[in-house]
Amino acid sequence: MEDIYSPGRVPYEAAKPFKKSSTTETLQRLFSLFLDLTLFFILSIPIYIKYVLEIFSSPEPKRIAGQLALVTGGGNGLGKSIAIRLAKEGCNVAVVDVDLVAAERVAGDIKSFGIKSKAYRVDVSSYDEVKNLGQEIEDDLGAVDILVNNAGIMPMISLMEGGVRDIEKILSVNLTSHFWTVRVFLESMIRRRKGHIVAISSLSGLDAAGRAVAYSASKFGVRGFMEALREEIRLEGHLGEIFTTTVYPYFISTRKDLMQKMQRTSLFQRFPPLLPDDAADIVVDAILENKVSITIPKVWPFSRVIFSWLPSRIQDLAREVLVKEYIPRIQM
């Protein structure tokens, strides 16, 4: 492994330049590339046929009854709704939250279904706490089959607002925590050749949101993390055994203070927030269908494609018309 501490300490030494290819070598490489692309298109035909057939027929959802799901930020809002919906599917659920009282309340509701559940107070931005959590859950409930990284904070602060620690906290909770939970729970999934990792990103992770620079950057980071994770799983030969799903939802009606301020904006007057239970149903359905990614609402990708074709000045004008004022500041 490369020594990440060496830059700045070890003298820089330029690599030897690559030898310039001859005309013959270039033609050989182009021919080899042509053969590879031809093989690629031939191998992809069955996949496209299967994809088209699935569009016109609902795929058989997988069964997750009896599996253990871990939901971070499971004490309130979307996390709570996801935990309860997973319990209704027959999953045992570990409810993880910094609000232990809320987490225990959700775990109690889940137990009423005749399902095993336990609450854990954990700050997911702390690797040590997440590592200890892994051992606790293993001892209490068993190995985690479904990891739902839902925990996040959404302070509406622009780049020049908030302190250094505020920015660090946003990034550590919303993004770095995914590194810690996956590092702790992925090893068992690989060993058992079974698992599903779910990340709750945001539409702000697809389309940048003004007045929320750190938040939007963290959600773009989640997108990159999950895409790279899936590629790593593929390279290691575990695709088809360990699945990943990234969710990009619109605003969800959760925190009272946030909703009270947002409801006065033209954005919410035009596009009301989602209900947690409705969003949770879409998330769990995506898990059951092994979808790699999904937006809420589902039509968002099509509108993004159309919008991306417009000149930047027209895009700016559209934002000016649809969102007439800045999203209000919400302090940490």
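Contact between Lys219 and Ser202 at its shortest, heavy atoms only, is CG-CB, 3.8 Å. When all heavy atoms of Asp207 and Ser216 are compared, the pair lying nearest together is O-OG, 4.5 Å. Closest non-hydrogen pair, Arg121 versus Val98, comes out as NE-O, 3.3 Å. Contact between Ile296 and Ala279 at its shortest, heavy atoms only, is CD1-O, 3.9 Å. What you find for Ala151 and Val124 is that their closest heavy atoms are CB-CG2, 4.0 Å. Summarising the geometry of Val106 relative to Gly74, their closest heavy-atom pair is CG2-O, 3.5 Å, with the distance given to 0.1 Å.
Atom CZ of Phe225 sits about 7.5 Å away from atom NE2 of His178, to the nearest 0.5 Å. Put simply, CD1 on Ile170 and OG1 on Thr176 are 12.0 Å apart, with the number rounded to the nearest 0.5 Å. Here the straight-line distance linking atom CG of Asp97 with atom CG of Asn76 works out to 6.0 Å at 0.5 Å rounding. Atom CG of residue Asp128 and atom CG of residue Leu133 lie 12.5 Å apart, to the nearest 0.5 angstrom. Between the CG atom in Asn174 and the OG atom in Ser218 there is a gap of 4.0 Å [rounded to 0.5 Å]. Remark: Arg63 CZ to Cys91 SG distance equals 11.0 Å, nearest 0.5 Å.
Side chains of Thr181 and Asn149: a donor-acceptor N/O pair is present below 3.5 angstrom, by distance only. Counted by atom type alone, Tyr120 and Asp140 present one or more donor-acceptor pairs between their side chains at under 3.5 Å. Side-chain contact of Asp123 with Ser125: a donor-acceptor pair under 3.5 Å is present, judged by distance alone.
Around atom NZ of Lys62, more than 12 heavy atoms belonging to other residues, nucleotides or ligands sit under 6.0 Å away. Crowding of Glu187 atom CD: a count of heavy atoms from other residues, nucleotides or ligands under 6.0 Å not exceeding 12. Within 6.0 Å of the NZ atom in Lys80, the count of heavy atoms belonging to other residues, nucleotides or ligands does not exceed 12.
In this structure Gln135 satisfies the side chain to side chain donor-acceptor pair (under 3.5 Å) test together with Asp139, sequence neighbours excluded. In this view, Arg192 and Asp145, Ser188 satisfy the side chain to side chain donor-acceptor pair (under 3.5 Å) rule, not counting sequence neighbours. Remark: Phe243 engages His196 in a ring pair (Phe, Tyr, Trp, His ring centres under 6.0 Å) (not counting sequence neighbours). Partners of Arg193 under the side chain to side chain donor-acceptor pair (under 3.5 Å) rule, at least two apart in sequence or in another chain, are Glu241. In terms of the side chain to side chain donor-acceptor pair (under 3.5 Å) criterion, Tyr248 has no residue partners (sequence neighbours excluded).
Here the options are Val247, Thr246, Asp285, the test is side chain to side chain contact (heavy atoms under 4.5 Å, CB included), and the partner is Ile294; only Val247 passes.
Linking Ile, Leu, Val, Met, Phe, Trp and Tyr residues whenever their side-chain heavy atoms come within less than 4.5 Å leaves Leu100 and Val173 in two separate clusters. Residues Leu175 and Phe185 share a hydrophobic cluster, clusters being chains of Ile/Leu/Val/Met/Phe/Trp/Tyr side chains in contact below 4.5 Å. Hydrophobic clustering of Ile, Leu, Val, Met, Phe, Trp and Tyr side chains at less than 4.5 Å, counting indirect connections, unites Ile190 with Met226. No single ILVMFWY cluster, assembled from side-chain heavy atoms under 4.5 Å apart, contains both Val130 and Val95. Linking ILVMFWY residues whenever their side-chain heavy atoms come closer than 4.5 Å, directly or via other members, leaves Ile82 and Val222 in distinct clusters.
Taking 4.5 Å as the limit, some side-chain heavy atom of Leu186 sits within range of a side-chain heavy atom of Ile242. Taking 4.5 Å as the limit, some side-chain heavy atom of Val144 sits within range of a side-chain heavy atom of Ile137. Residues Thr245 and Asn290 fail the side-chain proximity criterion, which asks for heavy atoms closer than 4.5 Å. Two residues are said to be in side-chain contact when any heavy atoms from C-beta on lie closer than 4.5 Å; Leu68 and Ile146 fail this criterion. Counting heavy atoms from C-beta on, the side chains of Met189 and Leu147 come closer than 4.5 Å. Between Ile200 and Pro249, the closest side-chain pair of non-hydrogen atoms falls below 4.5 Å.
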Give the C-alpha distance, both sets of side-chain angles, the deciding distance and a yes or no for salt bridge (charged side-chain N to carboxylate O under 4.0 Å, His left out) between Glu231 and Arg234.
CA-CA 5 Å; Glu231 176 62 6; Arg234 184 193 69 81; 2.7 Å; yes
Using the rule given for side-chain contact (heavy atoms from CB on, under 4.5 Å), can you reason through Ile64 versus Leu288, listing the C-alpha separation, both sets of side-chain angles and the distance that settles it, and then say yes or no?
CA-CA 8 Å; Ile64 57 176; Leu288 297 178; 3.6 Å; yes
Verdict with reasoning, Thr295 to Tyr250, per side-chain contact (heavy atoms from CB on, under 4.5 Å):
CA-CA 8 Å; Thr295 63; Tyr250 175 62; over 6 Å; no
Under 3.5 Å, side-chain donor or acceptor atoms of residues 110-117 against the rest of the protein: list the pairs with distances, not counting sequence neighbours.
unit_1 : atom_1 : unit_2 : atom_2 : d
Ser112 : OG     : Asp109 : O      : 2.4
Ser117 : OG     : Val93  : O      : 2.8

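Asp99 has no carboxylate O lying under 4.0 Å from a charged side-chain N of Arg105, or vice versa, which leaves the two without a salt bridge. Under the 4.0 Å criterion applied to side-chain N and carboxylate O atoms, Glu227 and Arg230 are not assigned as salt-bridge partners.
Between the side chain of Asn150 and the backbone N or O of Val71 there is no donor-acceptor pair closer than 3.5 Å.
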